[in-house]
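The first residue of the sequence shown is numbered 1, and numbering continues consecutively from there. Keep in mind that this is a model prediction, so the values were computed, not measured.
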Amino acid sequence: SSTTNFETNGKQIKVSLETTFPKESSLKVNVYGGKGLSLKIRKPEWAEGVISSKEYYMEEGYLIFNLQENFELSLEFKVTPKVVKASDKVETNKGTYYVKYGPFIYCIESIDNGVVSECTISEGATIIERKWEEYGAYSLKVNAYKKGKEATLNFVPYFTFANRGKSDMYVYVKGQK
């Protein structure tokens, strides 16, 4: 959480923010002394929707709230993990897929999945489990293939690559044919 105090248009404003991101994609914002002002919060590209305790309108990618004297806002950005087809504009990524969850890109590691070059995934792959890990993010279990046979692959956030020991890694996983 964080708090800041400042002055604008002759008003003393106090803003506090609480969040458990990335565990939850929600936040609480309190604004004191801001009656008659607006609060703008950018809607992240990865947010599929917004649940807000206050009315707002959208303008140029921002949620805009009209402030009252003691404004208390709870906001949640809806997000689900996805299997995404990589761009064919990059020659080496043609026919591959990657997994993303909110702002995070995921990878497979040999420490969990064995030989990563033997792993493939389809566009319609299902994410079957989400587990909060001690390193501060979710791991994802995904229905995929290994040596052409159905398998469950463990995906971890790319930023955690090799935190559990030496390991081969793929972000872009070959598509199942």
Quiz item: Do the ring planes of Y106 and Y101 sit parallel (below 30°), tilted (30 to 60°) or perpendicular (above 60°)?
Solution: tilted

Quiz item: Would you say D168 has more than 12 foreign heavy atoms packed within less than 6.0 Å of its CG?
Solution: no

Quiz item: Salt bridge or not for E109 and R164, using N-O below 4.0 Å?
Solution: yes

Quiz prompt | Inter-residue atom distance T152.OG1 - E150.CD, 0.5 Å rounding | solution = 9.0 Å

Exercise. Take atom NZ of K35 as the centre, draw a 6.0 Å sphere, and report whether it contains more than 12 heavy atoms from other residues, nucleotides or ligands.
Key: no

Quiz item: What's the shortest heavy-atom distance between P22 and Y138, and which atoms?
Solution: O-CE1, 4.2 Å

Quiz prompt | Greater than 12 external heavy atoms within 6.0 Å of E69's CD | solution = yes

Quiz item: Is a side-chain donor or acceptor of T96 paired with a backbone partner of Y172 at a separation under 3.5 angstrom?
Solution: no

Self-check item: Euclidean distance, N5 CG relative to K14 NZ, rounded to 0.5 Å
Solution: 6.0 Å

Exercise. State, with a plain yes or no, whether a side-chain heavy atom of Y135 is found less than 4.5 Å away from one of V156.
Key: yes

Quiz item: To the nearest 0.5 Å, how far apart are CG in N70 and OH in Y32?
Solution: 6.5 Å

Quiz item: Can we say E48 and K82 salt-bridge, meaning some charged N sits less than 4.0 Å from an Asp/Glu carboxylate O?
Solution: yes

Exercise. Take M169 and Y158 through the side chain to side chain contact (heavy atoms under 4.5 Å, CB included) test and state the conclusion after the steps.
Key: CA-CA 9 Å; M169 175 275 299; Y158 176 75; 3.4 Å; yes

Quiz item: If only atom types and distance count, is the side chain of S139 paired as donor or acceptor with the main-chain N or O of F155 below 3.5 Å?
Solution: no

Quiz prompt | Sub-4.5 Å side-chain heavy-atom contact between L140 and V99 | solution = yes

Quiz item: Between I108 and N154, is any pair of side-chain heavy atoms under 4.5 Å apart?
Solution: no

Quiz item: Any idea which heavy atoms bring S87 and N93 closest together, and the distance?
Solution: O-CB, 3.8 Å

Quiz item: Under a 4.5 Å side-chain heavy-atom rule over Ile, Leu, Val, Met, Phe, Trp and Tyr, are I127 and F77 clustered together?
Solution: yes

Practice problem: State, to 0.1 Å, how close K11 and G33 come at their nearest heavy-atom pair, and which atoms those are. | Solution: CD-O, 3.7 Å

Quiz item: Are V29 and L67 co-members of a hydrophobic cluster defined by side-chain heavy atoms under 4.5 Å apart?
Solution: yes

Exercise. State yes or no: do V31 and L63 share one hydrophobic cluster built from I, L, V, M, F, W and Y residues joined by side-chain heavy-atom distances below 4.5 Å, directly or via other members?
Key: yes

Quiz item: To the nearest 0.5 Å, how far apart are CD1 in I121 and OH in Y97?
Solution: 9.0 Å

Self-check item: Closest contact, heavy atoms only, V50 versus L75
Solution: CG1-CD1, 3.5 Å

Quiz item: Can you list the steps and then say if F71 with L39 is a side chain to side chain contact (heavy atoms under 4.5 Å, CB included)?
Solution: CA-CA 10 Å; F71 184 81; L39 173 67; 4.2 Å; yes

Self-check item: Heavy-atom closest pair, residues S110 and V116
Solution: N-CG1, 3.5 Å

Practice problem: Measure the acute angle between the ring planes of F21 and F104, then classify it against the limits of 30° and 60° as parallel, tilted or perpendicular. | Solution: parallel

Exercise. Could you tell me whether the side chain of L73 reaches within less than 4.5 Å of the side chain of S52, counting heavy atoms only?
Key: yes

Quiz item: Is it true that E59 and R42 have a side-chain N and a carboxylate O under 4.0 angstrom from each other?
Solution: no

Quiz item: Can you tell me how far OG1 of T8 sits from CD1 of I13, rounded to the nearest 0.5 angstrom?
Solution: 7.0 Å

Quiz item: Honestly curious: do L17 and I51 fall in one hydrophobic cluster under the side-chain, below-4.5 Å linking rule?
Solution: no

Exercise. Measure the spacing between NZ of K174 and OG1 of T120 and express it to the nearest 0.5 Å.
Key: 8.0 Å

Quiz item: Around atom NZ of K78, are there more than 12 heavy atoms of other residues, nucleotides or ligands at under 6.0 Å?
Solution: no

Quiz item: Does some side-chain heavy atom of D88 sit less than 4.5 Å from a side-chain heavy atom of K85?
Solution: yes

Quiz item: Considering residues, nucleotides and ligands other than Y62, do more than 12 of their heavy atoms fall under 6.0 Å from its OH?
Solution: no

Quiz item: Stepwise, does the side chain to side chain contact (heavy atoms under 4.5 Å, CB included) test hold for I64 with Y57?
Solution: CA-CA 5 Å; I64 302 176; Y57 62 96; 3.4 Å; yes

Quiz item: Would S26 and E76 count as having a side-chain donor-acceptor pair, cut-off 3.5 Å?
Solution: no

Quiz item: Do V171 and F161 come within less than 4.5 Å of each other through their side chains, counting heavy atoms only?
Solution: no

Quiz item: Are K43 and M58 close enough that some pair of their side-chain heavy atoms sits under 4.5 Å apart?
Solution: yes

Quiz item: side chain to side chain donor-acceptor pair (under 3.5 Å) with E7: which residues, sequence neighbours excluded?
Solution: Q12

Practice problem: Please answer whether the main-chain N or O of Q176 pairs with a side-chain N or O of S122 as donor and acceptor at a distance below 3.5 Å. | Solution: no

Practice problem: Could you tell me which non-hydrogen atom of C119 sits nearest to which non-hydrogen atom of L153, and how far apart they are? | Solution: SG-CD2, 3.6 Å

Exercise. Spell out, yes or no, whether L27 and V79 are grouped together once hydrophobic residues are joined by side-chain heavy atoms under 4.5 Å, including indirect joins.
Key: yes

